[in-house]
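The structure appears right after this line, and notes come after that.
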Amino acid sequence: MKQDPKIPYHYNSLIDLHRMLGLSKPLHPLISLIDNSYNQLKVSHLPGNHTSVFYKISLKQNLKGKIKYGQQYYDFDDGGLFFVSPNQVTSNSDNNDDHSGYTLIIHPDFLLTYPLAATIKRYGFFSYSANEALHLSAKEKETIITIFKNIDDELKDRLDDFSQDVIISQIESLLNYSNRFYKRQFLIRKAFNNSLLQKMEALLDDYFNAEKSLINGIPTVQYLADELHLSPSYLSDMLRNLTGQNAQQHIQARLIEKAKEKLSTTDLSVSQIAYELGFEHSQSFSRLFKSKTNQSPIDFKSSLKN
């Protein structure tokens, strides 16, 4: 039976993925490091849309052109890192002829019995979009390539009782360096990110002023991310670096701000205000308000009369 073209092809095994790419069998059944410089990958053989059970970390050596953040250009032609989590839909439709770099493919079972099996889920960049890749300076790229080569050496020449421990430690280093370099990227983009913050605030203003909450409910992180053309994880991480609060906390802060405005300038009941702000139940509104202000909405309103 033919695969439905609307359903992404799913890779369950490294052997299947290697075969599709025209590579020899992997050296280990649960982890593979592909050096694209030495392999003629048959990328065109990959299905247009596909998913897999693996974590994938890819270094693309030659990103074309400069990256513009705000009104400035930053030269990160030296390369970039892309992260894909298990079951994330990806596509090879944007591939060009230059696939130089490395791709580390990790089956989650390789991490079992190690703390990394749980902590890897905390690295938000696995759910970033492709346009939110980590752009590397030349020095940063050298650091990442060194780690890839260490993993490659373990897989090719040193498979023994200690190999998994060593490879896990290298993966942890790779993720920690990636975290550091993303922090740097957020700092470089500060002016641009501030403009995104202003756009987000304008979106929330419009949402509440146009009473969209009456129809659509409380604004969501996904709504803001879609409007700003960002992934939800990237939006939250960007805001956290700018303001110390993630996207959900920003939404809640604006909800409290609008609630205080209505409580102090109208005769609406707490239930009516909760409804206008998009809450299905006034109790949920009252709990949020008290958790953020240490007062119930009624107590807040009463305090204004004193």
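The figures here come from the full heavy-atom set of this structure, side chains too, leaving out hydrogens, waters and symmetry mates.
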Picking from D160, V166, D165, what satisfies side chain to side chain contact (heavy atoms under 4.5 Å, CB included) with S163?
D160
Take L230 and L196, measure what side-chain contact (heavy atoms from CB on, under 4.5 Å) needs, and give me the verdict at the end.
CA-CA 10 Å; L230 300 171; L196 282 176; 4.0 Å; yes
Just how far is it from atom CG of L17 to atom OG of S13, taken to the nearest 0.5 Å?
8.0 Å
Looking at N241 and D237, would you say the former's side chain and the latter's main chain have a donor-acceptor pair under 3.5 Å?
yes
Main chain of S269, side chain of Q272: is a donor-acceptor contact present, judged purely on distance under 3.5 Å?
yes
What do the steps show when you test T243 against H250 for side-chain hydrogen bond (donor to acceptor under 3.5 Å, both in side chains), and what is the final call?
CA-CA 9 Å; T243 68; H250 271 269; 2.8 Å; yes
Quick check for you: to the nearest 0.5 Å, what is the distance between I34 atom CD1 and L23 atom CG?
5.0 Å
For A133 and F82, work out which heavy atoms get closest and say how close.
CB-CE2, 3.4 Å
Correct closest heavy-atom pair for H28 and L155 would be CB-CD2, 4.1 Å
Whether Q249 side chain and N246 backbone form a donor-acceptor pair below 3.5 Å
yes
So, F300 versus F289, ring centres under 6.0 angstrom or not?
yes
I'd like to know if the side chain of S291 and the backbone of L288 have a donor-acceptor N/O pair within less than 3.5 Å.
yes
Are L214 and L277 connected in a single hydrophobic cluster, I mean Ile/Leu/Val/Met/Phe/Trp/Tyr linked by side-chain heavy atoms less than 4.5 Å apart?
no
Sub-4.5 Å side-chain heavy-atom contact between D152 and N150
no
With the 4.5 Å side-chain cut-off for hydrophobic clustering, are L304 and I298 part of the same group?
yes
Between CD of E261 and CD1 of I273, what distance do you get to the nearest 0.5 Å?
10.0 Å
N87 and T51 have their tightest heavy-atom pair at O-CG2, 3.9 Å
Look at the side chain of K56 and the backbone N and O of V84, then say whether any donor-acceptor pair between them is shorter than 3.5 Å.
no
Give me the atom names and distance for the closest heavy-atom approach of V221 to I251.
N-CD1, 3.7 Å
Counting N and O atoms only, with roles assigned by atom type, does the side chain of S127 sit under 3.5 Å from a partner on the main chain of G124, one being a donor and the other an acceptor?
yes
Counting only heavy atoms not in K212 (residues, nucleotides, ligands), do more than 12 fall under 6.0 Å from its NZ?
yes
Any chance you could measure L33, atom CG, to I105, atom CD1, to the nearest 0.5 Å?
9.0 Å
Worked verdict on S286 versus V270 for side-chain contact (heavy atoms from CB on, under 4.5 Å)
CA-CA 8 Å; S286 295; V270 171; 3.8 Å; yes
With the threshold set at 4.0 Å, does a side-chain nitrogen-carboxylate oxygen contact exist between D299 and K290?
no
Run the side-chain hydrogen bond (donor to acceptor under 3.5 Å, both in side chains) test on E172 and N176 for me, step by step, so that the C-alpha distance in whole Å, both residues' side-chain angles and the decisive distance to 0.1 Å come before the verdict.
CA-CA 6 Å; E172 289 174 330; N176 288 330; over 6 Å; no
Determine whether more than 12 heavy atoms belonging to other residues, nucleotides or ligands lie under 6.0 Å from atom CD of E257.
yes
Are L263 and Y275 connected in a single hydrophobic cluster, I mean Ile/Leu/Val/Met/Phe/Trp/Tyr linked by side-chain heavy atoms less than 4.5 Å apart?
no
Do K292 and Q252 come close enough that some side-chain heavy atom pair is under 4.5 Å?
yes
Quick check: is I168 connected to L27 through a chain of hydrophobic side chains (ILVMFWY, heavy atoms under 4.5 Å apart)?
yes
Side-chain donor/acceptor of H18 to backbone N/O of K25, under 3.5 Å
no
Taking atom CG of L59 and atom OG1 of T103, what is their separation to the nearest 0.5 Å?
8.5 Å
Decide yes or no for R184 and L134: does some side-chain heavy atom of the first lie under 4.5 Å from some side-chain heavy atom of the second?
yes
Under 4.0 Å between a side-chain nitrogen and a carboxylate oxygen: does that hold for R254 and E201?
yes
Is there a donor-acceptor contact under 3.5 Å from the side chain of Q185 to the main chain of H135?
yes
Do P86 and P108 touch side chain to side chain, with heavy atoms closer than 4.5 Å?
yes
Would you compute the distance between atom CG of L136 and atom CD1 of I145 and round it to the nearest 0.5 angstrom?
9.0 Å
Looking only at atom types and distance, does a side-chain atom of S129 sit under 3.5 Å from a main-chain N or O of E132, one as donor and one as acceptor?
no
side-chain hydrogen bond (donor to acceptor under 3.5 Å, both in side chains) between Q88 and S85, worked out
CA-CA 6 Å; Q88 185 175 336; S85 61; 3.1 Å; yes
Evaluate the criterion side-chain contact (heavy atoms from CB on, under 4.5 Å) for residue pair Y11 and V53; output intermediate values, then yes/no.
CA-CA 6 Å; Y11 293 99; V53 71; over 6 Å; no
With a 3.5 Å distance limit and no angle check, can you tell me whether Q164 reaches the backbone of F110 through a side-chain donor-acceptor pair?
yes
Contact between L175 and F125 at the side-chain level, heavy atoms closer than 4.5 Å - yes or no?
yes
Applying the 4.5 Å side-chain criterion to the ILVMFWY set and letting contacts propagate, would F181 and L187 be lumped into a single cluster?
no
Going by heavy atoms in the side chains, are Y55 and Y123 under 4.5 Å from each other?
no
Measure the shortest side-chain to side-chain distance between I171 and L116 over non-hydrogen atoms and say whether it is less than 4.5 angstrom.
yes
Decide side-chain contact (heavy atoms from CB on, under 4.5 Å) for I57 and F126; before the verdict, give the C-alpha distance in whole Å, the side-chain angles of both, and the deciding distance to 0.1 Å.
CA-CA 9 Å; I57 305 172; F126 276 105; 4.1 Å; yes
So N193 and F186, do their side chains get closer than 4.5 Å, heavy atoms only?
yes
Identify whether the distance between the nearest side-chain nitrogen and carboxylate oxygen of K149 and D35 falls below 4.0 Å.
no
